[in-house]
Amino acid sequence: MVDKSKLYFHIHYCNHKETNEDWKDKKITRRIKHHEFFLVTGGKGCIVTEGKEYNLEKGMLFYFKKNNLHSIESDIKDPLNFLSVHFSLAYVDFHEDQWKIVEKDGLKLPVMQRFRNYKVYHIFKKLVMMWSMKMPDYEFRCKIMLQRLLFGIYNNLKQQSTNYSAIVKVEKAIKYMNDNIGRTITLQELSELVSLSPSYFSRTFREVTGYSIIEFFNKIKIDRAEALIMVEDKKIKEIAAMLGFKDEFYFSRLFKRIKGISPKEFYSRNVHGY
DNA sequence: CGCGGTGTGAAATTGAAGTT
DNA sequence: AACTTCAATTTCACACCGCG
């Protein structure tokens with residue numbers, strides 16, 4: 001499971017064809033070093049990749065990972081219309097005051113997915129238009145649009161997945177955690193809330209969020225602690241108590257484990273009194 | 001007091017097999 | 001496919017201790 005907030009993109013270029021002009025080359029076969037999203041917006045054609053052949057229809061979105069070999073063929077009478085964006089991506093993490101950059105070899109997305117709604121289409125179109133117009137700050141704006149596009153793609157995936165109720169249940173549990181941040185919550189309690197067996201819900205939670213329940217609950221507690229340290233003039237001991245920790249030292253250790261520095265150090269680094 | 005190492009019972013997680 | 005049950009294993013949350 002990828003932490004989407006840590007993904008960093010670099011757009012190489014965008015491409016589109018949304019008119020009825022003829023294709024110069026009816027078929028292209030290629031392997032490119034960029035990742036690419038390719039959205040079919042009209043016309044007919046065929047894409048072959050990873051040993052599968054897809055008869056193209058409006059609304060199909062392809063994700064080609066870098067170095068993926070694929071061929072795109074357009075129909076002559078009803079030429080293909082599409083939007084595409086080429087990009088590279090890296091996983092950028094900030095931990096213990098250090099930046100870490102790891103190049104990713106790909107997102108966990110299916111090669112092809114269909115879109116019923118037009119939202120993703122609109123975002124994609126805006127991205128491509130912005131890129132081609134090259135107005136001031138277009139690179140920055142395009143990067144934001146690409147992130148919105150990806151967000152839309154993930155949401156689409158969410159709705160498509162048969163087990164939508166699992167996500168709803170996880171969201172319910174997260175809300176409950178936020179509402180009861182000053183308490184100790186048990187797995188028993190949460191699983192009763194969502195009417196699933198404890199062990200099954202434990203599994204489900206990790207599948208949906210990428211974190212175990214305790215990991216997640218502590219993460220939001222530490223996030224809250226950061227805010228409290230910076231905004232309120234409170235002692236570590238008080239903050240620990242507010243977040244349901246009986247032992248302030250344990251809280252400190254946990255903070256350090258998650259953030260890399262102790263709460264006291266976090267305070268001295270980020271808050272400066274007069 | 002603060003920090004860090006370690007011990008411990010309890011709870012969470014995970015694997016595997018079974019049920020609807 | 002979605003979910004349960006049970007047991008094995010791991011992790012958690014705190015406690016206790018010694019050091020400076």
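Throughout, a chain's letter reflects where its sequence line sits, starting with A, and its residues are numbered from 1.
- In DNA chain B, stems built from 3 or more consecutive Watson-Crick or G-U wobble pairs, each with both distances under 3.5 Å, span B:1-20 with C:1-20.
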Please report, to 0.1 Å, the donor-acceptor pairs under 3.5 Å made by any side chain of residues 129-145 of chain A, with sequence neighbours excluded.
| residue | atom | partner | partner atom | Å |
| --- | --- | --- | --- | --- |
| A/S132 | OG | A/V128 | O | 3.4 |
| A/S132 | OG | A/M129 | O | 3.0 |
| A/K134 | NZ | A/W131 | O | 2.7 |
| A/K143 | NZ | A/Y8 | OH | 2.8 |

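- Qualifying side chain to side chain contact (heavy atoms under 4.5 Å, CB included) partners for A/K65, counting only residues two or more places apart in sequence or in other chains: A/H35, A/Y63.
- Between A/D93 and A/K6 a salt bridge is recorded (basic side-chain N to carboxylate O distance below 4.0 Å).
- For the OP1/OP2 pair of C/dA13 and a distance below 4.0 Å, the side-chain nitrogens and oxygens of A/Y250 include at least one atom meeting the criterion.
- Separation of atoms CZ (A/F217) and OG (A/S212) is listed at 12.5 Å; rounding is to 0.5 Å.
- Checking A/Y13, A/F38, A/F37 one by one against A/V85, the side-chain contact (heavy atoms from CB on, under 4.5 Å) holds for a single residue, A/F37.
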Per-nucleotide protein contact string for nucleotides 5-20 of chain B, where B marks a base within reach and S marks sugar-phosphate only (heavy atoms under 4.0 Å, - for neither) | BB-----SBBBB----
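- A/Q147 meets the side chain to side chain contact (heavy atoms under 4.5 Å, CB included) test with A/F9; sequence neighbours excluded.
- For the segment residues 235-247 of chain A, no residue has any heavy atom less than 4.0 angstrom from an atom of DNA chain B.
- Judged as a side chain to side chain contact (heavy atoms under 4.5 Å, CB included), and not counting sequence neighbours, the contacts of A/H10 are A/H12.
- Remark: the backbone N or O of A/S71 is not paired with any side-chain donor or acceptor of A/T29 at under 3.5 angstrom.
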With a cut-off of 3.5 Å and sequence neighbours excluded, list every side-chain donor-acceptor pair involving residues 249-266 of chain A.
| residue | atom | partner | partner atom | Å |
| --- | --- | --- | --- | --- |
| A/S262 | OG | A/E265 | N | 3.3 |
| A/E265 | OE2 | A/R269 | NH2 | 2.7 |

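- When hydrophobic side chains of Ile, Leu, Val, Met, Phe, Trp and Tyr are connected at separations under 4.5 Å, A/I32 ends up as a singleton with no cluster partners.
- Residue pairs meeting the side-chain hydrogen bond (donor to acceptor under 3.5 Å, both in side chains) criterion with at least one partner in residues 179-191 of chain A, sequence neighbours excluded, are A/K175-A/D179, A/Y176-A/E189, A/N180-A/R183, A/R183-A/E189.
- Among residues at least two apart or in separate chains, salt bridge (charged side-chain N to carboxylate O under 4.0 Å, His left out) pairs with a member in residues 33-52 of chain A are A/R30-A/E36.
- For the segment residues 254-262 of chain A, the set of residues with a heavy atom within less than 4.0 Å of an atom of DNA chain C comprises A/R257, in numerical order.
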